[in-house]
Amino acid sequence: MENPQIAAALDEIADLLEFKGENPFRVRAYRNAGRLVRDQPESIARSVGDPDRPLTSIRGIGKDLAEKITQLVEQGRIDLLDELRAEIPASVMLLMRIPGLGPKKAAALYKELGVQSLDALREACLAHRVRELKGFGEKTEEAILAGIPFAATTSERIYWSEADRYVQSLVASLAVCPAAGRIAPAGSYRRGRETVADVDLLVESSDPAAVMDHFERLPEVVSKLGRGDTKLSVRLEGGLQVDLRVVPTESFGAALQYFTGSKDHNVVLRGLAKSRGLRVNEYGVFRVADRSGEAPAGEAGRVAGRTEEDVYAALGLPWIPPELREARREFEWAAHAALPELITVDDLRGDLHMHTTESDGKATLEQMAAAAQARGLEYIAITDHSPRVSMANGLGPDRLRRQWAAIDRLNDRLTGFVVLKGVEVDILEGGGLDLPDDVLAEADWVVASVHYGQRQPRAQITARITGALAHPSVAAIAHPTGRIINRRLPYEVDLEAVCQAAVRHGKLLELNANPARLDLDDVACAAAKAHGIPIVISSDAHSAEGLDVTRYGILQARRAGLTKADVANTRSWSEVKRLLGRGD
DNA sequence: GCCGTTTTCGGCCCGACTGTTTTCAGTCG
């Protein structure tokens with residue numbers, strides 16, 4: 001059983017307990033455990049029954065949760081979850097997906113009106129039975145009716161790259177507002193999560209009303225969800241929700257810290273502050289008076305707030321990069337002055353996975369080389385597909401050798417830049433590679449990947465990949481987890497076994513930077529790093545512009561805590577060769 | 001349900017906004 005499955009069960013228990021109105025801290029414990037399990041680089045199922053790695057050694061998982069996880073791994077079920085499911089119909093849980101409907105109101109609808117589905121809820125609203133309930137009214141009933149379609153479509157998350165386009169455009173639109181000072185995107189966008197559910201924007205201003213008026217009138221804004229003195233929530237064309245918050249200069253840093261989150265990171269931060277007699281909110285860090293527990297009024301008690309650095313410094317911490325703010329290990333690192341110096345896109349010196357018009361790319365060999373050189377890279381590997389990928393016009397030995405001859409001729413004309421003779425060789429359904437050994441031995445760089453037989457059992461696909469890692473000519477595995485965002489996994493892999501094979505054979509794993517793929521996600525990346533496996537961040541570009549996606553891959557690498565040293569292609573090509581034990 | 005150099009009980013982050021209430025609960029982030 002994989003960690004995400006275990007996490008999903010814990011999340012479901014949290015949801016059901018919350019609906020029942022259980023102790024909110026108990027709910028939080030389950031939710032927290034779900035997150036912890038999801039964030040573990042190692043397999044939780046493997047820890048079960050391993051006396052050297054008890055589940056309770058994970059901070060936040062105690063005796064009870066460890067027992068429940070153990071039961072799930074060993075029996076495939078949890079008593080508590082079965083009981084809760086028997087008690088609360090699954091369709092009722094959908095009610096809480098409606099904006100503005102939380103556990104309390106949803107429970108009231110279920111208990112008082114017997115509403116068990118979105119359809120039943122719609123009818124109850126239309127019959128004006130909802131407004132009769134205590135705590136409900138006419139407006140609530142209308143809001144519920146309007147929100148039902150949103151519950152049905154679930155909460156769509158968009159790719160970071162797509163959110164980026166919205167953010168760039170909104171920031172530009174805000175910048176022309178005379179009342180607006182500094183403008184900063186926050187939230188999960190700033191933390192670089194691979195998908196984003198909504199966009200948070202922070203604006204510095206002494207005139208919040210003017211900024212909000214300006215924003216509300218932007219053409220892409222289609223509806224207003226709420227507006228107060230400092231906060232405005234709108235929905236854009238296309239459904240994306242944007243929360244705008246306007247704060248004064250002296251609070252800008254505190255607000256940026258607060259709205260960047262994550263929520264769990266902030267909970268830890270505020271707990272830390274509390275233990276130091278301080279209170280953190282979006283306006284700053286304040287001293288709490290000794291007896292009353294009340295902060296001194298206004299500026300008097302303010303210790304920090306203008307910049308994020310001040311806020312963290314007031315708590316005795318170095319500034320923590322947003323990508324690390326997930327309540328994973330960042331506070332432990334920060335406390336010991338051991339925050340990793342995260343990799344940046346400028347650290348990349350080469351790109352080792354891309355295609356040309358010879359297979360399914362849109363640009364020629366020469367165009368790709370020129371584009372990469374123009375982007376400041378020192379080397380690229382051309383890795384077109386092998387014959388098995390016939391749909392992509394994969395290259396057999398003859399065409400491949402002709403392409404490599406063309407690369408030789410191109411290299412003669414280039415200075416300060418090298419094009420490597422590479423190939424993305426398919427790992428065949430029955431194991432083994434799609435090109436003869438003597439051909440592969442002539443290549444400078446071979447990445448191997450699975451394109452067919454993706455429905456095979458996990459163990460079989462894992463064996464194909466570990467087999468490829470054992471091949472002397474293979475340097476790296478592309479798509480080592482087969483993961484595609486927002487979709488079911490195309491294939492499932494035992495990442496632990498793949499990592500062990502990579503270590504055994506001294507091979508590399510690729511982080512594919514395609515925004516829809518990012519198949520070595522931040523958690524898997526951290527797992528590979530824990531094994532000491534060098535990561536290759538590759539564009540898998542099919543066009544000149546495709547080379548630019550490495551910046552999306554960099555975000556995930558940063559979230560995994562990767563430094564320059566952890567990534568192979570921050571090195572020169574001759575150093576990469578040495579890394580593979582193929583030094584000159 | 002978890003946790004503990006203010007330890008085994010009593011805490012557990014903090015505030016904005018809405019709609020309902022006439023002083024606040026629920027929801028959200």
Side-chain angles (χ1 to χ4, degrees), chain A residues 10 13-14 17-19 21-34 36 55-69 80 95-109 130-144 147 155 186-191 196-202 208 212 224-233 241-247 251 254-255 257-286 288 290 293 295 315 327:
Chain A
L10 296 170
I13 292 176
L17 289 175
E18 185 177 41
F19 182 83
E22 269 282 347
N23 175 358
F25 297 105
R26 187 181 177 210
V27 173
R28 188 208 274 177
Y30 276 96
R31 205 150 270 156
N32 190 42
L36 289 170
L55 291 174
T56 49
S57 66
I58 300 170
R59 194 187 177 78
I61 296 186
K63 183 166 158 289
D64 280 32
L65 279 162
E67 277 172 13
K68 296 201 165 60
I69 293 170
L80 174 63
L95 302 183
M96 286 199 288
R97 299 255 274 270
I98 297 169
L101 266 197
K104 292 285 177 355
K105 286 205 158 80
L109 290 165
V130 170
R131 63 176 67 176
E132 307 299 331
L133 293 177
K134 188 170 157 55
F136 290 74
E138 204 174 323
K139 286 200 143 185
T140 308
E141 191 176 80
E142 283 167 15
I144 289 173
S155 49
S188 54
Y189 169 83
R190 182 162 180 246
R191 300 200 308 280
V196 171
D198 54 28
V199 164
D200 301 288
L201 289 175
L202 185 68
M212 290 191 286
K224 182 168 69 172
L225 302 172
R227 175 171 170 165
D229 294 337
T230 63
K231 193 179 159 187
L232 170 67
S233 288
Q241 183 177 330
V242 180
D243 296 323
L244 184 77
R245 189 68 185 262
V246 191
V247 297
S251 296
Q257 193 290 316
Y258 171 61
F259 287 108
T260 297
S262 69
K263 194 174 168 149
D264 295 306
H265 175 92
N266 287 354
V267 168
V268 176
L269 189 82
R270 290 170 176 205
L272 246 156
K274 204 164 198 175
S275 68
R276 289 167 171 255
L278 297 167
R279 189 174 66 201
V280 179
N281 58 30
E282 55 263 58
Y283 300 109
V285 183
F286 299 88
V288 179
D290 289 341
L315 303 172

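Chain naming here is simple, since letters A, B, ... match the order of the sequence lines and numbering starts at 1 in each.
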Just the rounded figure in Å: distance from [atom2] of [N] to [atom1] of [X].
{"X": "A:L202", "N": "B:dG29", "atom1": "CG", "atom2": "C1'", "answer": "14 Å"}
{"X": "A:Y189", "N": "B:dG29", "atom1": "OH", "atom2": "P", "answer": "20 Å"}
{"X": "A:E18", "N": "B:dG26", "atom1": "CD", "atom2": "P", "answer": "12 Å"}
{"X": "A:K134", "N": "B:dT20", "atom1": "NZ", "atom2": "P", "answer": "12 Å"}
{"X": "A:L55", "N": "B:dC2", "atom1": "CG", "atom2": "C1'", "answer": "15 Å"}

[X], nearest nucleotide to its side chain (from [options]):
{"X": "A:L65", "options": "B:dC14, B:dC2, B:dG29", "value": "B:dC2"}
{"X": "A:K263", "options": "B:dG29, B:dG19, B:dC12", "value": "B:dG29"}
{"X": "A:K68", "options": "B:dG19, B:dG29, B:dG1", "value": "B:dG1"}
{"X": "A:F25", "options": "B:dC12, B:dT27, B:dC3", "value": "B:dC12"}
{"X": "A:K104", "options": "B:dG26, B:dG29, B:dC13", "value": "B:dG26"}
{"X": "A:R270", "options": "B:dG15, B:dC13, B:dG1", "value": "B:dC13"}
{"X": "A:K105", "options": "B:dG26, B:dT20, B:dG29", "value": "B:dG26"}
{"X": "A:D243", "options": "B:dA16, B:dG1, B:dG29", "value": "B:dG29"}
{"X": "A:K231", "options": "B:dG15, B:dC17, B:dG29", "value": "B:dC17"}
{"X": "A:R59", "options": "B:dG15, B:dC12, B:dG4", "value": "B:dG4"}

Q) Is there a side-chain polar atom (N or O) of A:T140 under 4.0 Å from OP1 or OP2 of B:dT18? A)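 No, because none of the side-chain N or O atoms of A:T140 sits under 4.0 Å from OP1 or OP2 of B:dT18.
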
Q) Would you say A:Y283 reaches B:dA16's phosphate, i.e. side-chain N/O to OP1/OP2 under 4.0 Å? A)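 For B:dA16, OP1 or OP2 has a side-chain N or O of A:Y283 closer than 4.0 Å.
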
Q: Would you kindly check whether a donor in the side chain of A:N23 faces an acceptor in the base of B:dG1, or vice versa, at under 3.5 angstrom?
A: yes

Heavy atoms only, 4.0 Å cut-off, all strands: where does [X] land among base, sugar-phosphate and nothing?
{"X": "A:P99", "answer": "sugar-phosphate"}
{"X": "A:V27", "answer": "nothing"}
{"X": "A:T230", "answer": "sugar-phosphate"}
{"X": "A:I61", "answer": "sugar-phosphate"}
{"X": "A:F259", "answer": "nothing"}
{"X": "A:K274", "answer": "sugar-phosphate"}
{"X": "A:N266", "answer": "nothing"}
{"X": "A:R28", "answer": "base"}

Q | Rounded distance in Å between the C1' positions of B:dG1 and B:dT8 | A |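 Their C1' atoms lie roughly 15 Å apart.
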
(Q) For the C1' atoms, the ones on B:dT21 and on B:dG26, what distance do you get once it is rounded to whole angstrom? (A)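 12 Å, rounded to whole Å.
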
What are the two closest heavy atoms between [X] and [Y], and how far apart are they?
{"X": "A:K63", "Y": "A:T56", "answer": "N-CG2, 4.0 Å"}
{"X": "A:G60", "Y": "A:N32", "answer": "CA-ND2, 4.3 Å"}
{"X": "A:D200", "Y": "A:F259", "answer": "OD2-O, 4.4 Å"}
{"X": "A:M96", "Y": "A:A106", "answer": "CG-CB, 3.7 Å"}
{"X": "A:S251", "Y": "A:Y283", "answer": "OG-O, 3.0 Å"}
{"X": "A:N266", "Y": "A:Q257", "answer": "OD1-NE2, 3.0 Å"}

Q: Test side chain to side chain donor-acceptor pair (under 3.5 Å) on A:T140 and A:R131 and set out the steps.
A: CA-CA 7 Å; A:T140 308; A:R131 63 176 67 176; over 6 Å; no

Q: Take A:G226 and A:V267, find for each the nucleotide of DNA chain B with the closest heavy atom, and name the residue whose nucleotide sits nearer the 5' end.
A: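 By nearest-heavy-atom nucleotide position, the 5'-most residue is A:V267.
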
Q) Which residue lies toward the 5' end of DNA chain B, A:A106 or A:G135, if each is placed at its nearest nucleotide? A) A:G135

